[in-house]
Enquirer: 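Here it is, the structure, as structure tokens.
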Amino acid sequence: MVKVNCLNPISKVGTSKFTDNYEFTDNFEEANAVLVRSAAMHDMELSDNLLAVARAGAGVNNIPLDKCAEKGVVVFNTPGANANGVKELVLCGMLLASRDIIGGNKWVENNKEDENINKTMEKAKKNFAGNEIMGKKLGVIGLGAIGSLIANAATELGMEVYGYDPFISVDGAWRLSSEVKHVNTREEIYKECDFITVHTPLLDDTREMINKDTIAMMKDGVVILNFARDLLVCDDDMIAALESGKVKRYVTDFPNAKIAKAKNVIATPHLGASTEESEDNCAVMAVKELKDFIENGNIINSVNYPKCDLGVCDKVTRITICHKNIPNMIGQLSSAVAAEGMNISDMVDKSRGDYAYTIMDLDSKATAELVEKIEAIEGVIKVRIVK
Ligand SMILES: NC(=O)C1=CN([C@@H]2O[C@H](COP(=O)(O)OP(=O)(O)OC[C@H]3O[C@@H](n4cnc5c(N)ncnc54)[C@H](O)[C@@H]3O)[C@@H](O)[C@H]2O)C=CC1
Ligand SMILES: O=C(O)CCC(=O)C(=O)O
């Protein structure tokens with residue numbers, strides 16, 4: 001029985017796809033597979049039972065990727081599965097920042113007992129007037145699943161869109177509307193745009209990319225949207241820019257104690273992916289990835305091990321090996337199999353950074369001796385008999 005632990009509530013549309021060979025446990029220590037959304041895993045002890053973690057979502061900064069790789073724990077995410085949910089909230093954020101919809105709505109709430117509200121509102125409404133987004137320049141930093149959807153949608157709304165992503169994937173580039181102006185530096189976006197939205201992962205390179213120096217390059221009255229991660233923006237510098245009016249509005253899905261109190265902030269409590277559709281999509285994809293890994297040893301959409309897929313095993317045995325990406329590993333693995341008098345009928349070995357992964361199909365049943373021999377090879381992290 002494969003034990004699955006959910007560190008956050010996960011949509012039943014996904015979890016119902018586990019078959020009778022799987023059972024849920026509340027005990028993280030005994031779990032073979034973990035499903036997680038935003039729960040912080042950095043301080044959690046990883047037990048030897050753990051084979052895989054699936055993040056039902058995109059961002060993986062809550063998961064210790066290297067610590068997992070070092071223990072042979074494969075971490076997955078669900079690329080694109082919640083992108084439309086975030087896109088819609090970002091478009092909403094742009095509209096909320098352009099016109100004082102929130103102020104107007106509060107006014108109606110405060111005046112709801114006024115019998116003549118339909119008349120008094122005609123005088124009050126001038127306080128909530130704003131601008132249209134059509135014709136304005138939008139800069140999108142990060143043109144992945146979310147950024148590219150926003151860029152394309154904004155062109156449809158009549159915005160002039162600038163996109164920046166030095167690592168854009170081939171698929172990402174194909175997805176992008178030809179209306180989006182591709183720029184080669186963030187500075188071009190900072191200098192040119194009326195709205196700037198960030199959609200990169202939180203990495204060393206992107207941490208606090210919005211700070212006093214980059215804000216200084218921007219137009220007066222710029223609107224900044226952050227539906228990616230809190231630490232992409234320097235809070236103190238943002239608060240100063242909001243105070244001075246340099247930044248007209250900061251729309252963020254990641255308020256903290258400082259930002260929630262700041263002037264001209266429009267904040268939501270990390271709601272980007274909180275739609276039924278996104279939650280279902282992420283859960284279904286995460287469960288599919290976990291099942292394919294547990295049942296076939298295949299790795300699709302991992303963020304700490306390479307993509308490695310040998311389909312469904314139709315041979316006698318399949319074993320998988322998580323190992324360090326060092327010389328002569330394949331030679332040593334095949335020698336260990338040959339020394340047991342066994343034949344490899346199919347094999348794939350892929351690497352990613354410091355780690356690598358091998359799937360081997362054998363014509364005869366894997367033995368405990370074979371597993372021991374492979375485990376004894378320097379650089380081997382985890383050996384698993386899948387079938
Ligand atoms: N508010 C919410 O609920 C959600 C927030 N997110 C956040 O949004 C981020 C992006 O999500 P997706 O678009 O699905 O991820 P993605 O992986 O499809 O796209 C990220 C893009 O950022 C680009 N990138 C990386 N470093 C960059 C840099 N230095 N400058 C410019 N571009 C860079 C990559 O090349 C990639 O195209 C996630 O990492 C996560 O932090 C994601 C989903 C929901
Ligand atoms: O699961 C969630 O609600 C958070 C989504 C998110 O931030 C992500 O996918 O990166």
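None of these values were measured; they are calculated from a predicted model. No hydrogens, no waters, no symmetry mates; every other heavy atom, side chains included, goes into these values. Order of appearance sets the numbers: ligands from 1, and atoms from 1 within every ligand.
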Enquirer: Tell me, with the steps shown, if V265 and R249 meet side-chain contact (heavy atoms from CB on, under 4.5 Å).
Expert: CA-CA 6 Å; V265 165; R249 292 248 196 280; over 6 Å; no
Enquirer: Mind checking whether Y357 and Y305 have parallel, tilted or perpendicular rings, split at 30° and 60°?
Expert: perpendicular
Enquirer: Please work out, at 4.0 Å between heavy atoms, whether the side chain, the backbone, both, or neither of R186 comes within that distance of ligand 1.
Expert: side chain
Enquirer: Can you confirm whether the side chains of T268 and D253 place a donor and an acceptor under 3.5 Å from each other?
Expert: yes
Enquirer: Examine distances only and state if a side-chain atom of S148 and a backbone atom of G172 form a donor-acceptor pair shorter than 3.5 Å.
Expert: no
Enquirer: Does ligand 1 come near enough to A145 that some N or O of the ligand is less than 3.5 Å from an N or O of the residue?
Expert: yes
Enquirer: Taking atom types as modelled, is there a side-chain donor on H323 or D349 under 3.5 Å from an acceptor on the other?
Expert: yes
Enquirer: Under 4.0 Å from any heavy atom of V86, which atoms of ligand 1 are there?
Expert: 4 (C), 43 (C), 44 (C)
Enquirer: Could you name the option among T268, N82, T252 that has the heavy atom nearest to atom 43 (C) of ligand 1?
Expert: N82
Enquirer: Mind checking whether A273 has an N or O less than 3.5 Å away from an N or O of ligand 2?
Expert: no
Enquirer: What are the atoms of ligand 2, with element, lying closer than 4.0 Å to any heavy atom of R229?
Expert: 6 (C), 7 (O), 8 (C), 10 (O)
Enquirer: Nearest 0.5 Å please: distance from the CD1 atom of I196 over to the OG1 atom of T214.
Expert: 8.0 Å
Enquirer: May I ask you to decide if S38's main-chain N or O and N8's side chain share a donor-acceptor pair within less than 3.5 Å?
Expert: yes
Enquirer: Take every heavy atom of L202, measure it against each atom of ligand 1, and state whether any distance is under 4.0 Å.
Expert: no
Enquirer: Working to the nearest 0.5 angstrom, can you tell me the gap between K212 NZ and D236 CG?
Expert: 10.0 Å
Enquirer: For H270, is the nearest heavy atom under 4.0 Å from an atom of ligand 2?
Expert: yes
Enquirer: Would you mind telling me if ligand 1 is within reach of the side chain of R229, the backbone, both or neither, using heavy atoms under 4.0 Å?
Expert: side chain
Enquirer: Do me a favour and list the nearest non-hydrogen protein atom to atom 5 (C) of ligand 1 with residue, atom name and distance?
Expert: F227 O, 3.2 Å
Enquirer: Just need the protein heavy atom nearest to atom 6 (C) of ligand 2, so name the residue and atom and give the distance.
Expert: R55 NH2, 3.3 Å
Enquirer: Is it the side chain (CB and beyond), the backbone, both or neither of N77 that lies under 4.0 Å from ligand 2, heavy atoms counted?
Expert: neither
Enquirer: For atom 25 (C) of ligand 1, state which one of P201, G59, A273 supplies the nearest heavy atom.
Expert: P201
Enquirer: Which residue holds the protein heavy atom closest to atom 3 (O) of ligand 2, what is that atom called, and what is the gap in Å?
Expert: R37 NH2, 2.7 Å
Enquirer: Looking only at non-hydrogen atoms, find the nearest pair between I133 and S98 and report the distance.
Expert: CG2-OG, 3.2 Å
Enquirer: What protein heavy atom lies closest to atom 9 (O) of ligand 2? Include the residue and the distance to one decimal.
Expert: A58 N, 2.6 Å
Enquirer: At under 4.0 Å between heavy atoms, which part of T200 makes contact with ligand 1: side chain, backbone, both or neither?
Expert: both
Enquirer: Say whether, by atom type as modelled, one donor and one acceptor occur between the side chain of K263 and the main chain of G245 under 3.5 angstrom.
Expert: no
Enquirer: With atoms numbered from 1 as shown, which atoms in ligand 2 lie under 4.0 angstrom from a non-hydrogen atom of G57?
Expert: 9 (O)
Enquirer: Checking K67 side chain against H42 main chain: does a donor-acceptor pair fall under 3.5 Å?
Expert: yes
Enquirer: Less than 4.0 Å is my threshold; does some heavy atom of G57 fall inside it relative to ligand 1?
Expert: no
Enquirer: Cation-pi check for F293 against R384: NZ or CZ below 6.0 Å from the six-membered ring centre and within 45 degrees of the axis, yes or no?
Expert: yes
Enquirer: Short check: is a protein heavy atom less than 4.0 Å from atom 19 (O) of ligand 1?
Expert: yes
Enquirer: Out of A39, A145, G59, A228, indicate the one that has the non-hydrogen atom closest to atom 10 (O) of ligand 2.
Expert: G59
Enquirer: Below 6.0 angstrom between ring centroids: does that apply to F227 and F254?
Expert: no
Enquirer: Pull out every atom of ligand 2 sitting under 4.0 Å from any heavy atom of S38, numbered as shown with elements.
Expert: 2 (C), 4 (C)
Enquirer: In ligand 1, which numbered atoms sit nearer than 4.0 Å to a non-hydrogen atom of P166?
Expert: 30 (N), 31 (C), 32 (N)
Enquirer: Is there a path from L310 to L333 through hydrophobic residues (I, L, V, M, F, W, Y) whose side chains come within less than 4.5 Å of each other?
Expert: no
Enquirer: So for ligand 1, is I146 a polar contact partner (N or O within less than 3.5 Å, distance only)?
Expert: yes
Enquirer: Please state which option from D205, D165, N226 has its nearest heavy atom closest to atom 34 (C) of ligand 1.
Expert: D165
Enquirer: For ligand 1 and A228, I'd like to know whether there is a polar contact (N/O to N/O, distance under 3.5 Å).
Expert: yes
Enquirer: Only heavy atoms of F167, strictly under 4.0 Å: list the atoms of ligand 1 that pass.
Expert: 25 (C), 26 (N), 27 (C), 28 (C), 29 (N), 35 (O)
Enquirer: Consider only side-chain N and O atoms of T25 and E30, and report whether a donor and an acceptor are under 3.5 Å apart.
Expert: yes
Enquirer: Hey, are D363 and N343 close enough side-chain-wise for a donor-acceptor pair under 3.5 Å?
Expert: yes
Enquirer: With a 4.0 Å heavy-atom cut-off (strictly under), which part of T206 contacts ligand 1: side chain, backbone, both or neither?
Expert: side chain
Enquirer: I'd like to know if the side chain of T120 pairs up with that of D114 as donor and acceptor (distance under 3.5 Å, no hydrogens or angles considered).
Expert: yes
Enquirer: Looking at K248 and L242, would you say the former's side chain and the latter's main chain have a donor-acceptor pair under 3.5 Å?
Expert: no
Enquirer: Quick check: D253 and ligand 1, any N/O pair under 3.5 Å apart?
Expert: yes
Enquirer: L143 heavy atoms, cut-off 4.0 Å: which ligand 1 atoms fall inside?
Expert: 37 (O)
Enquirer: Give the residue, atom name and distance (to 0.1 Å) of the protein heavy atom nearest atom 10 (C) of ligand 1.
Expert: H199 O, 3.5 Å
Enquirer: Relative to the heavy atoms of G272, which atoms of ligand 1 are at a distance of less than 4.0 Å?
Expert: 1 (N), 2 (C), 3 (O)
